[in-house]
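Working notes for the structure below.
What you see is a predicted model; the values in this text were computed from it and never measured.
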Amino acid sequence: MTDTATEIDRSKMQVSDEVAIQINNMNKWYGTFHVLRDINLTVNRGERIVIAGPSGSGKSTMIRCINRLEEHQQGDIIVDGTELTSDLKNIDKIRSEVGMCFQHFNLFPHLTILENCTLAPIWVRKTPKKEAEETAMHFLEKVKIPDQANKYPGQLSGGQQQRVAIARSLCMKPRIMLFDEPTSALDPEMIKEVLDTMIELAEEGMTMLCVTHEMGFARQVANRVIFMDQGQIVEQNEPEEFFNNPQSERTKLFLSQILGH
Amino acid sequence: MTDTATEIDRSKMQVSDEVAIQINNMNKWYGTFHVLRDINLTVNRGERIVIAGPSGSGKSTMIRCINRLEEHQQGDIIVDGTELTSDLKNIDKIRSEVGMCFQHFNLFPHLTILENCTLAPIWVRKTPKKEAEETAMHFLEKVKIPDQANKYPGQLSGGQQQRVAIARSLCMKPRIMLFDEPTSALDPEMIKEVLDTMIELAEEGMTMLCVTHEMGFARQVANRVIFMDQGQIVEQNEPEEFFNNPQSERTKLFLSQILGH
Amino acid sequence: MSDLSYVRTEMLEQKAPPASSVGLVGWLRANLFSSVGNSILTVVTLFFLLSLLASMMPWIFLGIWNADSLSHCREIFAERYGDSTEYACWAVVRDRWDQIIFGYSFGNLNEGLYWRPLVGLALIILALLPILYPNVPRVLYVATAASLFLYPWLIWGGSIWGPLTIALCIIAGVFIYRFASRFMIMAFAMPVAIVGTALLIYFAMAPVAGALGSAVPIELQSVPSREISGFVLSITIGIVAIVASLPIAVLLALGRQSDLFIVNKLSTGFIEIIRGVPLITLIFVATVLMKYFLPSSVDLDPVLAVMVLVTLFTAAYIAEVIRGGLAALPKGQYEAADALGLTYWQAQRLIILPQALKISIPGIVSNFISVFKDTTLVSIVALNDPLGISDSIRSDSDWNGIVWELYGFIAIVFWLFCFSMSRYSLWLERQLQTGHR
Amino acid sequence: AAAGTLDDVKARGKINCGVTEGTLGFSSRDSTGRHQGFDVEFCRALGAAIFDDADAVEYVELSSKNRFTALSAGQVDVLYRTTTWTFSRDVDLKTSFVGINYYDGQGFMVPKELGVASAKELEGATVCIETGTTTELNLADFFRANSMEYTPLPVGGTTEAKALFEEGACDVYTTDASALAGVRASLKDPSAYLILPEIVSKEPLGPTVRHGDNEWEDVVRWTQNSLVAAEELGVTSANVAELAAGTDNPSINRMLGAEGNLCEMLTLAPDCFVKAIAATGNYGEIFEKTIGESTPIGLARGLNALWTEGGLQYSPPFR
Amino acid sequence: MSDTVAPKEAFRLSMLLYDSRYRGITIQVFVLLLVLSAIFWLANNAVQNLAALGKPLRFDFLGQTASYDISQRLIEYKSTDTHGRAVLVGLLNTLLVAFMGCVAATILGVIGGVLRLSNNWLVSRLVAAYVEIFRNVPVLLWIYVCMFTLTAIAPQPREFRGDNANASMLLNDSVAVTNRGIYFPEPLFSRPLGDIDIGIFKISIELLVLLGVLVAGIYAGRWNNKRANAIQVQTGDRPATAIVNALMIIVPILAVLIALGFHVGKPELKGFNFKGGINMSAPLIGLWLGLTLYTTTYIIEAVRSGIQAVSKGQSEAAFALGLRPGRTMSLVILPQAMRVIIPQLISQYLNLTKNSSLAIAIGYMDLVSTLGGITLNQTGREMESILMLMAIYLAISLTISTAMNWYNNKVKLTER
Ligand SMILES: Nc1ncnc2c1ncn2[C@@H]1O[C@H](COP(=O)(O)OP(=O)(O)OP(=O)(O)O)[C@@H](O)[C@H]1O
Ligand SMILES: Nc1ncnc2c1ncn2[C@@H]1O[C@H](COP(=O)(O)OP(=O)(O)OP(=O)(O)O)[C@@H](O)[C@H]1O
Ligand SMILES: [Mg+2]
Ligand SMILES: [Mg+2]
């Protein structure tokens, strides 16, 4: 596991009192399978939350509910003051507030990197093309690949692709970022470059929810670690406490597996 | 690269004086490309030979000539006293004496694991089905997957598949086993389980020719390492000598690459 | 066991293989006489092939190209070879090739108009370039759009302002759509735009085109649909069917992939019905029934009616090809589009369809080949495709009794077209497989 | 458009005239692709009568299968397509026959080699017929009436039927006697074939229009009658212009418009019949130049001679 | 589990458009309305136009006398029968040529596919050339070519006549190949059992008996194979079953044939044509050949791609285990290739059946030539005829594709 060596400035990373995401008693079923059970979670603006848990525990499903890639059946999800109902206007509003990065990047292979980044600003935000491109170049610089702007995704390495995916989300200027195992499809050498990008983002005060097994990352930037199992939040705590002093049996078992590995 | 930790009992592994395979001045061309040049090799019963060499050096071709998956054009190959000519009877005889495992397992995907293992005994050796199944279960136990007998290959992991492939060969009760890079298509965790199976086989005194780059395996079980380059045998020696004191320049170069890696 | 150790001191060089395994001998041995059975097979095949050639070659190559009629041909045979054996009378091809290729429309009836279908075809090929080859300049898309209007103009003739006004109306339709989509969702804006465009064409086209035509008359001699014949007819039906069917096919494919029950079942039903009946019955519908389904005031052109039905037929088949392309896209593409906040139609247009269509191109090309071959069926309803023309040539007293030469010539032309297209589609498939992704 | 065909035609500026895909002599394309033949001439006469332009005609080639649908669906205005006038076609198919331009009958042709002299000797023969025609029904009737067996070989068009007949795929070729002569003339060796004496049916061929449009019916009917009447009265394409100026014969004067206003009653130009006759010639001229004895078809006038000469062609009076 | 129930939101009209729960319904209703009104418009036009022509939609013409003859037929038919029966004759003819075509194309296609992969260069190139030539030219052209080749090359019946005839019959004077068709000997029984008349057509009892015996023989063969399998399971040796199986089928059939007094009625040249025997008319042969030659090319490609889809490693593994090439093919390659081949094969059967509608071009009296040809023409009921025609073809296609889906699902299940 890659431990990031970058020294980070925790002082910058402030958590405000404003609530960014509020989830109350959320339940979800796939058919008859109860995949999320009574989820309650409040995320303040600026918080950086890492979600861990064994495979199949519902981590992906939970964060995908937050921008309605999956529909929940009971309970409320309130993002940035907007309640997530089946009202399409609300969904559109929330989706443009919330950026998301996937395990498999999901870049659009038929568009150049630049086009990937400007697509949503132009069509969703109706930004003029020129302005959209400037923004895109700005974020591509931020993730350190401005020189690849005119290449196609297939010509980039996995780590570069994931950084483009992050830049693409950022171009929509979201206030919240969701990450679903952003490094698990990457070769070890590339994991670091992506984590560095994410750390930088965290330093700038972005609200982040991140499903990941990179415990080094969790220790370094998270201000809360949530442990899920069988569709429920089993334990949550500050990283130091979480790793050094897990309370629940399941958490202990999980940590022993993941750290021993 | 996984180093097997199993302590093995070298005393069991005896080499008899009987000749199992004799290759004299064998030459082979693909079109005008001279792929095997003047190969001379004598393998005694019980010998365990590891063949190494850079890619394209003719390792696969050589061992495939031994059971006539490729045809040689000059020289003799005598397996277990039977000369390999285009006489179909001889070919059949040799093929049922010689088992082979491939890099990509080549299990039959439309048959269950058990059917894979009993197919050849039933149709080639004319073993009664019941007996064939008993033998198959015996060898599946030996490779430690008797519980998968009724699954299809597609449902197994790579390592399990390779072990089935070994069991399948063993069911024909061969006196010689050929392995062509049996671990190179596997994930690191799975390599060990396959190598363990092979070591066990070696301990039981099976004559083995194995193309592999697992140098740990070579050190542990081989009584000879053969180094090939450009279609010829460049050097052969006992493993210790071979690794610690390579003679030829090419061997040194190759070892430096493969061990440094 | 130090006897085991061995070191090669000198590397062996490549040696030439034994004579029997290389060169002609080696090749023959490996490919024709590798075993007894194989040798027998080779000999038998060779015998069959040679006897086939022996019976056909004289007929083909001793045939004559210079004669005015079949009886003239026969006279020449009698004079030249004495006996009563007949050889090919290729003179009919020389005499009538222009009718078979260009039809009556551009051959005899209107002298000197060969250039129109030729330019049309060249235009179509030019228009296809940006779609088929990824690397040509994007400017050629303009050619693609233009050829949609110029090709019909070249074939049917008349004033250029007709097609141009239609183009203008369609551009206006796009603006209607843009405008409408500000107020309503795509599913409604689209029909509104289509209806708007149709109304524009219905009301504005004739006066506008008329006015423009009288101001700046640019006209080609007009050719009535039923005079379009020969390979020009086959190609025109094929091209119209493919081009016009694409948008329908895309909608049908999306419909069949849709979660909306009714939309899904309607699309599926349409596709299955069309694919379940032979093309000839649809051609009957076009030539016999279609008139009943339209108001009695509409003056239906049979060639146009056939084109409409062949288009629907093609659309059903291409919809299935595109559906395959859609299904081949990873789910992540849809999710990423959703997560970025694109609407359904934006996602389809910007993300999904460009990729799905690209994968579908080989399938579309092979569908084009089948449609092109199937256009011969129109001869059954008395349209003059190449087979229809060959019939009327054969009923002419000069060439009465000629069969093989005409069929042979038509077959060769079809073969050249279809074979080169199928090679192209194979090439494209390989290109797509190895292309960087 | 059940009614008002004439208005439609005038508005369109062209007549859509249904003809066969290729029956030598009656309607076929010449080597330049233009239509020519007996039926075509009548279409041209219509064009001339209505528009003063014999070329204001669109020829729609129809197979025997789709001709009636083409007519009833309005694809053509008139069918000059060797169509037999029968009860069921007139009544059930909702078409109207407006005259007879050729009196025909179904005949048989056989190779002389067979040694057959009468149709009654055709027991067991294979017969080539074009499908979708009355010949198919007559054939079945004829053989049933004579309790003979036969094997029908139905073929889509004349060209194929001829090819099959020549190759000996059938023993007998049957169709209307007029077409038979044309077919025979076009065979490789016409002298090797024999047209049997029996005519097994009445085949009055004539123009067909949609049921219920009397104005249009009248135009077609009287244009055709004018051609027959012209022959009766000795009016030819050569002298029609001269005669139109006025003659001593009131019948001629009435028809050519020098007296009365017959054409105007049809809502056509006053000299409509003059134009028609001038464009195509009278019935006899048409016959001679398209299918008469001087052409390769070589048909004798026979039944189609004027009534005054022992034939059946007869025009009601123009009055 | 929480038991909180989300508060019911009041329904607002705008939710029809902007609520994901309702929008789908709105769109569907809209589309349905659009489609229904289009259909209504078309149907209304048709009704009005037909009424104006005085031809309301009625199917009673099927009961009228057809008064035309059909020479190639599977069931009794004469010109005094109804149009309905003529249509049935046509339908059976369609099914006949489709069946014959599928069987022939499959046999040729499998042979061709195997030859295409042969390591004999000449043979594989020849098959490749055949495929490229035949599939790139319209099938209609091939049908014409086959028909005319047959009529031009095969001898006329009259050439069989006389002492020094140009042509002679084959196989001991029992088969005559003429340009009007091929005449085979027909089975006759001197002690016949009669027919069962089931209303539409008659079924010969002899045929039923023979069929029964055949089925019994096949079942006996199966039982024998099972026994052989059981023996193989126990002893490893498989007793030879082929001869016993063949005897079990052949002997009873021979016995029944002798009991019924079987003899063949050879065709004889009488008058203009051959009489007696079973006749396959020239159009049938021409259509059959044309369809077969064309469809075979697609089946060859299907077989080739199916076999090539099985990786080379599979046959190598089988060889390495000591299996002979034949066994490798039947036990390892074919079972895997079949999954690729069969769906393609069935879609080719579908195409062939649909292409058989081109019969109308050469005068084979199939469904299109009867219902869509002469019947339509003589009765003038084009709307009814063509709709019926399409419905019947649709039913045939759906039957075939249902069978295909069933097969695909079955294969999918055994995979994992
Ligand atoms: N579309 C679906 N339909 C039915 N069940 C599903 C679906 N998607 C996920 N599941 C099930 O829901 C459970 C939770 O899935 P989820 O992907 O959220 O887990 P996860 O914690 O992200 O696991 P991983 O670490 O493997 O990604 C799993 O048991 C999975 O099988
Ligand atoms: N069927 C073939 N036809 C022609 N050349 C071949 C063929 N198979 C192998 N070769 C060539 O023969 C040479 C030896 O191949 P071989 O597979 O035996 O090498 P190898 O030592 O096993 O290499 P690797 O470690 O990559 O498996 C290579 O150069 C290869 O390109
Ligand atoms: Mg997950
Ligand atoms: Mg190798």
How close do [X] and [Y] get, counting heavy atoms only, and between which atoms?
X        : Y        : answer
E:Gln28  : C:Val263 : OE1-N, 3.9 Å
C:Val285 : E:Met390 : CG2-SD, 3.7 Å
E:Glu132 : C:Ser422 : OE1-OG, 4.4 Å
E:Ile360 : C:Phe284 : CD1-CZ, 4.1 Å
C:Tyr407 : E:Tyr144 : OH-CG, 3.5 Å

key: Any pair counted as salt bridge (Lys or Arg N to Asp or Glu O under 4.0 Å), so long as it reaches residues 372-391 of chain C, sequence neighbours left out   =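 Those involving residues 372-391 of chain C are C:Asp391-C:Arg394.
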Mind checking the [atom1]-[atom2] spacing from [X] to [Y]? Nearest 0.5 Å is all I need.
X        : Y        : atom1 : atom2 : answer
E:Ile25  : C:Leu260 : CD1   : CG    : 9.5 Å
C:Cys418 : E:Ile133 : SG    : CD1   : 13.5 Å
C:Met290 : E:Asn45  : CE    : CG    : 12.0 Å

Quick check on the interface: out of [options], who has the most heavy-atom pairs with chain E under 4.5 Å?
options                                : answer
C:Leu387, C:Ile280, C:Ile412, C:Ile369 : C:Leu387
C:Leu282, C:Val44, C:Leu32             : C:Leu32
C:Val413, C:Thr281, C:Thr375, C:Leu289 : C:Leu289
C:Phe293, C:Phe261, C:Phe33            : C:Phe293

key: Sidechain-backbone polar pair: E:Asn49 side chain, C:Pro295 backbone, donor-acceptor under 3.5 Å   =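 Not at all, since once roles are kept as given, no pair shorter than 3.5 Å links the two residues.
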request  = Kindly say whether E:Phe134 contributes a backbone atom to a donor-acceptor pair with the side chain of C:Trp415 at under 3.5 angstrom?
outcome  =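 No, because the side chain of C:Trp415 does not come within donor-acceptor range (under 3.5 Å) of the backbone of E:Phe134.
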message = If the contact rule is any heavy atom under 4.5 Å from chain C, which residues of residues 395-403 of chain E qualify, in numerical order?
response =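 E:Ser397 fall under the 4.5 Å cut-off.
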Any side-chain heavy atom of [X] within less than 4.5 Å of one from [Y]?
X        : Y        : answer
E:Leu358 : C:Ile380 : yes
C:Leu266 : E:Leu32  : yes
C:Leu377 : E:Leu140 : yes
E:Leu126 : C:Thr45  : yes
E:Asn136 : C:Met421 : no

task = Check each atom of E:Thr149 against the heavy atoms of chain C and say whether the ones under 4.5 Å are side chain, backbone, both or neither.
result =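 Both the backbone and the side chain of E:Thr149 come within 4.5 Å of chain C.
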Segment of E:Leu394 engaging chain C (4.5 angstrom heavy-atom cut-off) =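 For E:Leu394, backbone and side chain are both near chain C.
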query = Would the number of heavy atoms belonging to other residues, nucleotides or ligands and lying under 6.0 Å from CZ of E:Arg58 be above 12?
reply =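 At most 12 heavy atoms, drawn from other residues, nucleotides or ligands, come within 6.0 Å of this atom.
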task = Mark yes when over 12 heavy atoms from residues, nucleotides or ligands other than E:Phe59 sit less than 6.0 Å from its CZ; otherwise mark no.
result =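 Correct, the count exceeds 12.
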key: Region of C:Ser379 in contact with chain E, defined by heavy-atom distances below 4.5 Å   =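 The answer is the side chain of C:Ser379.
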ask   = So which part of C:Leu49 gets closer than 4.5 Å to some heavy atom of chain E, the side chain, the backbone, both or neither?
value =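 For C:Leu49, the contact with chain E is made by the side chain alone.
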At a heavy-atom distance under 4.5 Å, which candidate from [options] has the highest pair count against chain C?
options                      : answer
E:Val145, E:Leu141, E:Asn44  : E:Leu141
E:Ser118, E:Ser357, E:Ala43  : E:Ser357
E:Asn120, E:Val137, E:Asn351 : E:Asn120

task = Run the numbers on E:Val47 and C:Tyr292 for side-chain contact (heavy atoms from CB on, under 4.5 Å), then give the verdict.
result = CA-CA 8 Å; E:Val47 168; C:Tyr292 288 129; over 6 Å; no
